[in-house]
Amino acid sequence: MKYNFNEIEAKWQKYWAENQTFKVENPALGEAEGNSNKPKYYVLDMFPYPSGAGLHVGHPLGYIASDIYARYKRHQGFNVLHPQGYDSFGLPAEQYAIQTGQHPAITTAENIKTYRRQLDQIGFSFDWSREVRTSDPSYYKWTQWIFIQLFNSWYNKNTDKAEDISELIKTFSSEGNRHVNAVCDDNIESFSAEDWNAFDSIKQQQILLQYRLTYLAETEVNWCPALGTVLANDEIVNGVSERGGHPVVRKKMTQWSMRISAYAERLLQGLDTIDWTDSLKESQRNWIGKSVGASVTFPILSFPAGEEKAGTKRPGYMTGGNNSHLLLSHAKEMRANPTLAEAALWEQLRNKNLDAKFRQQHLIGDFIVDFVCLDKKLIVEVDGKIHETQVEEDAKRTEILENDFYKVIRFKNEEVLGNIEGVLEKIKKELSQRESIKSNSELSESHLSEQIPPSGVRGIEVFTTRPDTIFGVSFMTLAPEHDLVTQITTLEQKAEVDAYILATAKRSERDRMADVKTISGAFTGAYAEHPFTKAPIPIWIGDYVLAGYGTGAVMSVPCGDERDYAFAKHFNIPIPNIFDGVDISKEAFADKANTKMANSDFLNGMNYKKATKRVIYELEQMGQGEGKTNYRLRDAVFSRQRYWGEPFPVYYMNGMPQMIEAEHLPIKLPEVEKYLPTETGEPPLGNAKKWYWLQYGNKGEIVSKEEFENSSPSGRLGGALELNTMPGWAGSSWYFNRYMDANNNSEFASKEALNYWQDVDLYIGGSEHATGHLLYSRFWQKFLFDKGVVPVDEFAKKLINQGMILGTSAIVYRLEYEPNLNNLDNLNDDSQAESEKFSLMVKPIFISKSQYERLNVLGVYELKKYLNENYEKEIRKGLNDFMNKENSHFSIDEIYHVNKFTEIHADVSFVNASDELDTEAFKNWRPDFKGAQFIREEGETFKVKREVEKMSKRWFNVVNPDNICEQYGADSLRLYEMFLGPLEQYKPWNTAGITGVHSFLKKLWKLYHQGENRNFYVTSTPPSEGLGEALKTLHKTIKKVQEDIENFSFNTSVSTFMIAVNELTAQKCTNKEILEPLLILISPYAPHIAEELWNQLGHSESISTVAFPIFDASHLVESSKNYPISFNGKMRFIMELPLDMSKDAIEAAVMSHEKTQEQLQGRKPKKVIVVPGKIVNIVG
RNA sequence: GCUCAAGUGGCGGAAUUGGUAGACGCGCUGGAUUCAAAAUCCAGUUCUUUCGGGAGUGUGGGUUCGAUUCCCACCUUGAGUACCA
């Protein structure tokens, strides 16, 4: 009986499918199976995107590893969940649809069919009854559901978790937002409960949107014009799109965003609780980018330093020592406790009775004014009794404010209370006389305003990780895009600054990235004040400061920061040294650990840690700074202008997004005629005429877009439809939970299932998802955990990144030669065309690797000479064919010249294990190779050059698993993929090597089939004397294989099997006691052959259900040891000695050995080291 | 630049609580079998050598009786990230 792997594999694959061998039950549902007593184990692969190209041998690597582990865990008595599915929304199907009109669902279904066939033939033990497809409405129903949950949640920093938005609304209406500590948009205005309750519904919705975990915002996004969509940061590589390499530009768009930044700290902390690779954790840490430091506010000096000295600085204005935080909270307090008159006037002003927007108790500079219309710069003060005692101060205050172009009008309490109509009339009159500053550009460009910072600006806030170096600040740098730049720049510097801003804006992101070394910047002419020394600090702008990080401004400490140092050197800015005993004449000193402060006032002598703490304390006392932690992690844009993705369960009323209630889900993707954006620039969904959306309360009805949008709000939904779809990572961010209860129609997954399976025990997939899928999934898991949907807040305990399998390309060298057209008088004048014709007609000449290496060192002249001497016949034949002549009268070197060699990738299937090219197959490969000639060294075969490259159609090095399974079988494929090397490593595929594992399987087969006819022959005599060696082999193997699987060292267990089979063959072992457990060891790796032999051994149950053999150390006990005897650490010979021999006896035995004497050559050893059971070392 | 990973025969790779470097396989060489080829089997295969031996795990140092393994410095390759204050 021969090892007929094709037959065996087909037989068992059919058996497993028919018997649902790998179907796993949730205990609550399958108590009868007895699974409830078994511990659970969840082994997961990253599900594939089913591309049109199908699988190549690199794809199943991780699946094979996880399958081995899953099968092993079943042998160990675990209830193993090992599912598979498809990440089936994605760009390629859509692009194919755009080109061909084929619906992506059809393409996707076809691709999935191919994938399934390919996966099945490798013999995976997946439970296909739990398959998920992200593009299936029954699945994306729940993706939409999660989106709604996110919309209805906000992040409470006090409880450090996501909470329901209804809680927030309750708080707003009972106490406003003053005490709400949430992760939300910047610049949220503060409001009271009364304010909130007075807001109209739209205003309330706008405010809530600033708190929701998924929110709509005008964001600057990465727009890819070629793909017609936005891309996430991790979808961009080197400034171009990851898919297709198209350029990407920044663009402002209204998009859905996910407030992942709320989870930055928990995502970081969570890394310590999971067993993922260090490099992957490191990537995520970098991506989150936590930095701890301080935020510091530098007041802006109103006049340049020189004028300040002249004594023109105004009193009370923007000097250091004031506390904006205190003033702000004071203003809030005053707002909350208005006087009667103030309240009465505010009631009138807020209702826009005067057609102008007023603010109450607003901070202007250092002053809190009662009411202000910022647009018209009109201040209205209501004075009580107290003002009678401070007329002078008030006058000064008015003067200062009026210098800032404010107009101040004052009313007495009595006036307001007695004649409010008259007061309003006066205000109205003033308003009408003042021009709106928005429409008056002259004003803001006037000389004076250039010198005087506008009101409301108190200082520049910076973020620094080195607050300890604050005494080293010698300038400040703002990003060119910083809001303050135009406001603070002096007239003299305006031209220079404007020119610089323009130049920076022109440079693309890529240019800026490529050109890091060039230092550029401009001085604004303005100065800030140092918080401690009160010295004026020049304010510069420079493009090394990024608008998008921190506050877009830095305090520059040239002595302690490389970039600040370079900038200071370049512009001749002083570089004060604040480090004790450090020379900064050549470079900045950025070594935190060895910092000792000097020239730093109260910090002198302190180290980094102490100084930092002290500075932050001092700044907090002054109200000019505080300890702060910054994260690089940005909120994730969640809208895509694509067709083939999840539709949002969203419509708009009055411009505000509304969720469609969960009971109406799924919102199915509508049909479109064209998959391109509409003529008006809407996303492809704008083309949809009919929607599988609903009539209110009447689920599932098809409604036309017009019908939907024009319907009356009472009967139908009414409002505009959301036309964007969700990004690719939406569906993949929670699929691992769905597998736990994949066919549940009423829930995301049942509580019982979620509680039983908890999380993924082992997750295997590529490291390319480090900052995409793996971060987003952790984010959603934490969110779902907060909401009580899932029981754990990390979804995968252990994660392994499988390395990539690379291709081994085969390269031949093509000799390029051309006619010497000047000499070929019978040719046409059009030499260009002739040359092209020639190169088409001429027979190509290919050169072998060794010949190429030989020829390539010769010069062109030598090469030509060599070719003429050795290959004149071949070349002349090519030329003659071209010229249609028998014999040209020219000598060979008069009519052609050699150009160069070009590398041609040959299909790897034409090359054998010895790198020899099948020249016939190669000639038939492409029509222009038909008459190819091959040059090789005499007596040599034609060998190709090998090169390891990524597997790609382009390089003709793609190997299809279908062919491998047909030729060698799935078991060979599985073993070989594991045998190639460590799972995590990148390694080249070379089909030639598979013969090794294939012949191993044949040898294994032979162990069970003896004699001439190879009949099944296994003896079942009880273990006898002769079984000792075989038992030793078996138990050695059990031990090693078990260790290897648990350490994911699958490559070494394959060689262990080889050793075992080689040994057992040599021992002529035919005993069932040995051969039966051996099969169980091998079955996770080569399940088909194991199942077949197991069956032949007389078992009726599948081998996958039996228990793993137990290692028994007693079989490995030895009585003697081959001691390596080394001299000065070098092993010289081996001596067999009993293991129970004492140290002294060993030494004596070794010393008396003749080889020892030989080595020593009469010298006396200085020392003899004896480690019993290990080694003897003699030091001479 | 920074972070992480890794450097061992012709090739993939094995060996770490420090103890026989090169397991296992490919390829290669020789032999058996065969009309022949494939397949199969046997022997050899780190380099060097005067056949005694000697050298050897990216380079240079160190610790140790003993280092592929630990420490320091450097070089190279791959991956990620990039003016992150």
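Lettering of chains follows the sequences in order, A, B, ..., and the numbering in each one begins at 1.
In summary, the aromatic rings of Phe5(A) and Tyr3(A) are positioned with their centroids under 6.0 Å apart.
Base contact: Ile1134(A) has a heavy atom under 4.0 Å from a base atom. Residue contacts for Val1171(A): at a heavy-atom cut-off of 4.0 Å it reaches a base atom on one of the strands shown. Within 4.0 Å of Asn1062(A), counting heavy atoms only, lie sugar-phosphate atoms of the nucleic acid but no base atom. Lys1166(A) comes within 4.0 angstrom of no nucleic acid atom, judged by non-hydrogen atoms across all strands. Among the heavy atoms of the strands, none lies under 4.0 Å from Glu562(A). Residue Ser1126(A) is out of contact with every strand shown, counting any heavy-atom pair closer than 4.0 Å. Base contact: Asn1177(A) has a heavy atom under 4.0 Å from a base atom.
Of the candidate nucleotides C26(B), A85(B), A55(B), A55(B) has the atom lying nearest to any side-chain atom of Arg1132(A). Between C28(B), A85(B), C24(B), one nucleotide has an atom nearer to the side chain of Ser914(A) than all others, and that is C28(B). For Pro988(A), taking side-chain heavy atoms from C-beta onward, the closest of the listed nucleotides G25(B), A85(B), G12(B) is G12(B). Taking only side-chain atoms of Arg563(A), from C-beta outward, the nucleotide of G27(B), U3(B), C84(B) with the closest atom is C84(B). Listed candidates were C41(B), A85(B), G13(B). Nearest to the side chain of Lys1006(A) is C41(B). Checked against C26(B), C4(B), U20(B), the side chain of Glu282(A) finds its nearest nucleotide in C4(B). When distances run from any side-chain atom of Arg632(A) to the nucleotides U40(B), C84(B), A85(B), the shortest one goes to C84(B). Here C4(B) is the nucleotide among G27(B), C4(B), G19(B) with the atom lying nearest to any side-chain atom of Ser279(A). Residue Ser283(A) places its side chain closer to G80(B) than to any other of G80(B), C65(B), U40(B). The side chain of Met1131(A) has A21(B) as its nearest neighbour among A21(B), U81(B), C84(B).
G18(B): glycosidic angle beyond 90° from 0, hence anti.
In a base pair of the Watson-Crick type (N1 to N3 plus N6-O4 or O6-N4) or a G-U wobble (N1-O2 and O6-N3), with each distance short of 3.5 Å, A32(B) is matched with U40(B). Pairing partner, C47(B): G54(B), with both Watson-Crick or wobble hydrogen-bond distances short of 3.5 Å. With both pairing distances under 3.5 Å, U16(B) is matched to nothing as a Watson-Crick or G-U wobble pair. Look at A5(B): its Watson-Crick or wobble partner, with both distances under 3.5 angstrom, is U77(B). Across all strands shown, A85(B) has no partner, as no Watson-Crick or G-U wobble contact with both distances under 3.5 Å is found. Base pairing annotation: G10(B) forms a Watson-Crick or G-U wobble pair with C26(B), both donor-acceptor distances under 3.5 Å. In this structure, A21(B) forms no base pair with any nucleotide, since neither Watson-Crick nor G-U wobble geometry is met with both distances under 3.5 Å. Base-pair partner of G60(B): C72(B) (Watson-Crick or G-U wobble, both distances under 3.5 Å).
Rounded to a whole Å, the CZ atom of Phe1000(A) is 15 Å from the P atom of U40(B). Atom CG of Asn990(A) is separated from atom C1' of G12(B) by 9 Å (rounded to the nearest Å). Atoms CG (Asn801(A)) and P (G78(B)) sit 20 Å apart, rounded to a whole Å. Here the P atom of nucleotide C83(B) and the CG atom of Asn286(A) are 13 Å apart, to the nearest Å. Rounded to an integer number of Å, the gap from Lys281(A) NZ to G80(B) P is 21 Å. With rounding to whole Å, Lys943(A) atom NZ is found 11 Å from G27(B) atom P. At whole-Å resolution of the value, OH in Tyr1085(A) and P in G25(B) are 17 Å apart. Rounding to whole angstrom units, CH2 of residue Trp989(A) and P of C26(B) are separated by 15 Å.
Salt bridge Glu1043(A)/Lys1040(A): absent, no basic N to carboxylate O contact under 4.0 Å. Taking a cutoff of 4.0 Å between a charged side-chain nitrogen and a carboxylate oxygen, Glu1063(A) and Lys1032(A) do not qualify as a salt bridge. In summary, Arg466(A) and Asp561(A) do not engage in a salt bridge, as defined by a charged side-chain N under 4.0 Å from a carboxylate O. For the pair Glu1136(A) and Lys1121(A), the salt-bridge criterion is not met [side-chain N within less than 4.0 Å of a carboxylate O].
Of the residues listed (His998(A), Glu977(A), Lys1002(A)), the one engaging Ser972(A) in a side chain to side chain contact (heavy atoms under 4.5 Å, CB included) is His998(A), and it is the only one.
Ring orientation note: the planes of His773(A) and His769(A) are nearly perpendicular, at an angle over 60° on the 30°/60° scale. Between Tyr1085(A) and Phe1050(A), the ring planes are perpendicular. Angles over 60° get that label, and only those under 30° would be called parallel.
In this structure, Tyr986(A) does not reach the G78(B) phosphate: none of its side-chain N or O atoms is under 4.0 Å from OP1 or OP2. Taking 4.0 angstrom as the limit, Lys987(A) places none of its side-chain polar atoms (N or O) nearer than this to OP1 or OP2 of G13(B). Within the structure, every side-chain polar atom (N or O) of Asn1051(A) is placed at least 4.0 Å from both OP1 and OP2 of C24(B). Regarding contacts with the backbone of A6(B), every side-chain N or O of Gln985(A) stays at 4.0 angstrom or more from both OP1 and OP2.
For the pair Phe463(A) and Ser1055(A), nearest-nucleotide mapping onto RNA chain B gives the more 5' position to Ser1055(A). Across the interface with RNA chain B, nearest-nucleotide mapping of Lys1155(A) and Asp1044(A) shows Asp1044(A) to be the residue nearer the 5′ end.
Taking the C1' atoms as reference points, A6(B) lies 16 Å from U59(B), given to the whole Å.
Side chains of Leu1078(A) and Leu1004(A) form a contact here, defined as non-hydrogen atoms less than 4.5 Å apart.
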